[in-house]
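Contents: one structure, followed by commentary.
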Amino acid sequence: MGHDAPHLAPFPRPLSLFPAFVARQSETLILKEKIVSLSGNSFDIALASGQPIFKVSGETFSLSHRMNVSDMSGNHLFCIRKKHFQLHATYYAENANGDEIFEVQSKFKLGGSKFVGSFTSPSGQKEELMMKGDWTDTTAEITDEASGQAVAAIYRDRWNAREWIGGQQTYNVTVAPNVDMALIAAMCICLDMKRNENGSVV
């Protein structure tokens with residue numbers, strides 16, 4: 001049982017960390033997890049048209065379980081790591097210079113989970129995004145905290161037997177016009193990292 005891509009209104013201004021990856025129209029990203037290997041979880045990220053846009057590779061044996069994100073030309077965009085010794089699970093993104101550019105914190109929510117992502121845009125504006133949903137279910141939504149406007153929607157097929165047996169996930173993520181696709185992909189990677197930690201001591 002699948003889901004139709006939701007319709008999202010354009011965000012009234014660019015919401016981005018990486019202006020080159022701001023969606024000019026509504027775009028759907030397909031994040032397909034590869035089979036887990038000794039190198040860690042990795043994703044292929046493509047547009048709905050099939051055009052690849054990002055590559056994600058994991059490093060299982062690093063202390064913070066790094067997830068490295070690059071564009072299709074091999075340019076390193078950022079890596080995502082977990083902060084240790086935090087009350088709530090917290091992840092952060094570092095750019096190529098080692099600067100922290102984005103933080104995602106998990107908060108408890110009855111009946112599900114919520115993540116709050118915070119960053120400062122290239123124009124100097126502080127931004128917060130809220131992601132709410134039950135990650136065992138099929139949908140979640142990312143909204144701009146200040147306005148409440150939806151900027152992305154995540155949906156997947158809960159009953160995909162091949163994925164369930166193989167332990168892989170495919171996320172379909174619709175991104176609103178004027179919103180940074182790399183930023184939204186980063187939030188999805190964080191939720192997948194949290195999902196993979198469930199049942200373990202973190």
Side-chain angles (χ1 to χ4, degrees), residues 2-33 43 45-48 53-54 56 67 69 77-78 80 82 88-93 100-123 125-158 169-198:
H3 291 267
D4 293 328
H7 174 74
L8 298 176
F11 200 69
R13 56 183 172 79
L15 184 67
S16 74
L17 269 175
F18 299 93
F21 294 105
V22 169
R24 293 180 175 82
Q25 59 190 16
S26 182
E27 295 279 9
T28 296
L29 301 178
I30 311 298
L31 288 77
K32 189 170 183 61
E33 190 177 32
F43 285 92
I45 303 180
L47 300 176
I53 185 168
F54 304 118
V56 184
M67 299 292 282
V69 181
L77 299 176
F78 54 89
I80 298 174
K82 182 178 180 181
H88 300 284
T90 303
Y91 306 88
Y92 64 102
E100 184 175 324
I101 57 172
F102 182 53
E103 181 181 272
V104 178
Q105 188 174 78
S106 173
K107 307 275 192 180
F108 177 76
K109 172 178 172 287
L110 195 63
S113 301
K114 74 176 182 179
F115 280 65
V116 178
S118 54
F119 65 98
T120 301
S121 71
S123 66
Q125 183 161 344
K126 293 190 181 301
E127 308 279 10
E128 279 202 345
L129 299 177
M130 175 82 72
M131 178 162 56
K132 291 190 288 189
D134 179 352
W135 314 132
T136 64
D137 207 341
T138 54
T139 61
E141 188 174 64
I142 301 175
T143 58
D144 171 56
E145 182 79 329
S147 66
Q149 181 174 339
V151 298
I154 304 165
Y155 53 105
R156 65 186 178 89
D157 189 350
R158 185 179 183 181
Q169 300 292 327
T170 297
Y171 298 95
N172 304 286
V173 188
T174 296
V175 181
N178 261 348
V179 176
D180 184 345
M181 293 181 285
L183 180 66
I184 297 302
M187 291 197 74
C188 294
I189 293 165
C190 290
L191 86 83
D192 189 72
M193 290 172 74
K194 180 68 167 66
R195 179 189 64 81
N196 288 333
E197 291 166 1
N198 285 346

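Computed from a predicted model, the values in this text were never measured in an experiment.
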Mind listing the closest non-hydrogen atom pair of Met130 and Glu145 along with its distance? CE-OE1, 3.3 Å
Measuring from atom CD of Glu128 to atom CD of Gln105, what distance do you get when rounded to the nearest 0.5 angstrom? 10.0 Å
Should we count CZ of Arg24 as having more than 12 external heavy atoms under 6.0 Å? no
Can you tell me how far the OG1 atom of Thr28 sits from the CE atom of Met181, to the nearest 0.5 Å? 10.5 Å
Phe78 and ring pair (Phe, Tyr, Trp, His ring centres under 6.0 Å): which partner among Phe21, Phe102, Phe18? Phe18
Less than 4.5 Å apart, side chain to side chain, heavy atoms only: is that true for Ile189 and Tyr91? no
Go through Leu31 and Val56 one step at a time and tell me if the side-chain contact (heavy atoms from CB on, under 4.5 Å) criterion holds. CA-CA 10 Å; Leu31 288 77; Val56 184; over 6 Å; no
Let me confirm one number: the CD1-NZ distance from Ile142 to Lys132, rounded to the nearest 0.5 Å. 12.5 Å
From Thr143 OG1 over to Leu129 CG, what is the distance, rounded to the nearest 0.5 angstrom? 7.5 Å
Student check: side-chain heavy atoms of Ile45 and Val69 closer than 4.5 Å: no
Value for CD1 (Ile101) from OG (Ser121), rounded to nearest 0.5 Å, stands at 12.5 Å
If every non-hydrogen atom of Val104 is compared with every non-hydrogen atom of Met187, which pair is closest and at what distance? CG2-CG, 4.4 Å
Here's a test for you: under side-chain contact (heavy atoms from CB on, under 4.5 Å), which of Val22, Leu47, Leu8, Val179 qualifies with Glu27? Leu47
Separation between SG (Cys188) and CE (Met131), nearest 0.5 Å, reads 6.0 Å
What's the shortest heavy-atom distance between Ala23 and Val175, and which atoms? CB-CG1, 4.4 Å
If you compare all heavy atoms of Ser16 against all heavy atoms of Phe119, which two are closest, and at what distance to 0.1 Å? O-CE1, 3.6 Å
Shortest non-hydrogen contact from Ala48 toward Ile30: CA-CG1, 4.3 Å
Is it true that a side-chain atom of Asp144 and a backbone atom of Gln149 form a donor plus acceptor pair closer than 3.5 Å? no
Using every non-hydrogen atom in the two residues, find where Phe11 and Asn178 come nearest and quote the distance to one decimal. O-ND2, 2.8 Å
